[in-house]
Number of protein chains: 2
Amino acid sequence: MVQDSIRVLQAHGHKLTKPRRLVLEVLEENEKPLSPYDIQGILRTRGKYLNHVTIYRTLDLLCNLNLAHRMLSSGGFIKCSLDSTEGCHRFMVCQNCGAIQEFADKELCQEENDFAQNFGFHTEHHLSEFSGFCSQCYRKQPQLAE
Amino acid sequence: MVQDSIRVLQAHGHKLTKPRRLVLEVLEENEKPLSPYDIQGILRTRGKYLNHVTIYRTLDLLCNLNLAHRMLSSGGFIKCSLDSTEGCHRFMVCQNCGAIQEFADKELCQEENDFAQNFGFHTEHHLSEFSGFCSQCYRKQPQLAE
DNA sequence: AGCTAATTGCAATATTGTTGCATTTAGCCT
DNA sequence: AGGCTAAATGCAACAATATTGCAATTAGCT
């Protein structure tokens, strides 16, 4: 929810401005990654104008607060749908339809941290991107998965 | 090894050209992510010139063959050090010194795939980036990990 | 050595990202 | 409600990164 993000924003002492609300709304409505200029374009179709610099700065902020993430596969930004206190984000990207889902699993997360620890690496955050086929696309076109 | 990459390259019917060999060598020597222009700069200091377009195209190719990866954290490219047949790449990035290590673990990889499967997602590849502190930096400056 | 498709370099252009500074505004305080 | 101030935005200019079409070159064949 946008409301949740706004709460986090304010809890960290940041102002709730119109541009920030607009960017959050656009991200919320789109489950696919968007570039800063994508966001600007979407807003323009609604008669709202935001300078691209503002969008860049807003996205920076959201990423720092772990409210958004930049996807590796596309370079676009996506709003995190899950509480991020664990510092672990796991996205599944469908190669066919492009849909993205975010998942959390404390156990798996812990296992990954333990794994890293075995190599002497102290993990702060981790980010995983799975690419493959969502259940719908897999059912429709199983040959794609070959 | 560069030799291994060359073998994969050729096995896929691509030519082994001087530019490709140079890019592979530079990536191999650097354990940190490099941008296309970084690579161009490094080569220039050795009196070798490659057009940036060529470097972009070479990196595209290497990524498609899973011989290199683009890192999320920096946007730079890094050569994969491990056999990539499993389609699973796990990088640990030290927030302090920037060093990157790649790890493979079939079991953990399998667990991750199973996890996705529980949500009906059929995984083809996955890529994880851990950010934190390598053992050296953690030992030297444990307060950083707070 | 010669052939040919693949690859490279070049030039031009498009896209994406950054910086400094003047103007505006959210949130606070009367 | 009106005023204050630090934070945030917009603007302009610029810097860095990425893409495209096409002519010249070259790797890997016979």
Side-chain angles (χ1 to χ4, degrees), chain A residues 2-3 5-27 32-44 46-65 67-78, chain B residues 2-3 5-27 32-44 46-65 67-78:
Chain A
V2 169
Q3 284 308 320
S5 301
I6 290 176
R7 222 165 289 136
V8 174
L9 204 69
Q10 292 180 321
H12 283 79
H14 301 287
K15 292 184 181 175
L16 171 58
T17 61
K18 283 177 204 166
R20 286 175 179 169
R21 186 191 289 277
L22 288 173
V23 170
L24 277 170
E25 283 170 3
V26 171
L27 287 178
K32 294 181 189 179
L34 300 174
S35 76
Y37 288 97
D38 287 339
I39 294 171
Q40 191 179 48
I42 290 171
L43 287 170
R44 193 150 29 208
R46 303 179 188 169
K48 314 271 185 184
Y49 171 76
L50 287 189
N51 189 280
H52 69 280
V53 177
T54 302
I55 300 176
Y56 274 97
R57 293 195 272 226
T58 300
L59 290 169
D60 271 0
L61 178 64
L62 296 179
C63 286
N64 286 336
L65 295 172
L67 297 173
H69 263 298
R70 177 153 226 179
M71 299 299 288
L72 177 65
S73 41
S74 60
F77 292 85
I78 192 154
Chain B
V2 170
Q3 283 309 320
S5 301
I6 290 176
R7 222 165 288 136
V8 174
L9 205 70
Q10 293 180 321
H12 283 77
H14 301 286
K15 291 184 181 174
L16 170 59
T17 61
K18 281 177 205 166
R20 287 176 179 167
R21 185 191 290 278
L22 288 173
V23 169
L24 276 169
E25 283 170 3
V26 170
L27 286 178
K32 294 181 189 179
L34 300 175
S35 76
Y37 289 97
D38 288 339
I39 294 171
Q40 190 179 49
I42 291 172
L43 286 170
R44 193 152 26 210
R46 302 180 188 169
K48 314 271 185 185
Y49 171 75
L50 287 188
N51 189 281
H52 69 279
V53 178
T54 301
I55 299 175
Y56 274 97
R57 293 195 272 225
T58 301
L59 290 170
D60 270 0
L61 179 64
L62 297 179
C63 286
N64 286 336
L65 296 172
L67 297 173
H69 263 299
R70 175 154 226 176
M71 297 300 289
L72 177 65
S73 41
S74 61
F77 292 84
I78 192 155

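Because the structure is predicted, anything quoted here is derived from the model rather than measured.
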### Message
With rounding to the nearest 0.5 angstrom, report the NZ to CG distance, A:Lys32 to A:Asp38.
### Response
12.0 Å

### Query
Between which nucleotides of DNA chain C, 5' to 3', does chain B make heavy-atom contacts below 4.0 Å?
C:dA5 to C:dA11

### Query
Passes side chain to side chain contact (heavy atoms under 4.5 Å, CB included), B:Leu62 versus B:Leu9? Steps please.
CA-CA 8 Å; B:Leu62 297 179; B:Leu9 205 70; 4.2 Å; yes

### Partner residues of A:Asn64 under the side-chain contact (heavy atoms from CB on, under 4.5 Å) criterion, sequence neighbours left out
none

### Query
Can you tell me how far P of D:dA16 sits from CG of B:Leu34, to the nearest Å?
17 Å

### Query
For the atom pair CE (A:Met71) and OG (A:Ser35), what is the distance rounded to the nearest 0.5 Å?
14.5 Å

### Query
Do the non-hydrogen side-chain atoms of A:Arg46 and A:Val26 ever get within less than 4.5 Å of each other?
yes

Validation: residues 15-24 of chain A side-chain donor-acceptor distances under 3.5 Å, sequence neighbours left out:
from: A:Thr17; atom 1: OG1; to: A:Arg20; atom 2: N; distance (Å): 3.4
from: A:Arg20; atom 1: NH1; to: A:Lys15; atom 2: O; distance (Å): 2.8

### Query
Nearest 0.5 Å, what's the CG-CD1 distance between A:Leu27 and A:Ile39?
4.5 Å

### Message
Whole angstroms only, please: what is the CG-P distance between B:Asp38 and D:dA16?
### Response
12 Å

## Note on the structure
Of B:Pro36 and A:Thr54, the one whose closest nucleotide on DNA chain D sits nearer the 5' end is A:Thr54

## Note on the structure
Within residues 46-53 of chain A, those residues having any heavy atom closer than 4.0 Å to DNA chain D are A:Tyr49, A:Leu50, A:Asn51, A:Val53

### Task
Kindly state which residues belonging to residues 8-18 of chain B come within less than 4.0 angstrom of DNA chain C, counting heavy atoms of the residue only, listed by number.
B:His14, B:Lys15, B:Thr17

Determine all donor-acceptor pairs shorter than 3.5 Å in which one atom belongs to a side chain in residues 47-60 of chain B; sequence neighbours excluded.
from: B:Asn51; atom 1: OD1; to: B:Val53; atom 2: N; distance (Å): 2.8
from: B:Thr58; atom 1: OG1; to: B:Thr54; atom 2: O; distance (Å): 2.8

### Query
Is A:Arg20 touching bases, backbone alone, or none of the nucleic acid, heavy atoms closer than 4.0 Å?
sugar-phosphate

### Side chain proximity check, B:His14 to B:Leu65, heavy atoms < 4.5 angstrom
yes

### Summary
Here the gap from B:Leu43 atom CG to B:Glu25 atom CD, rounded to the nearest 0.5 Å, amounts to 9.0 Å

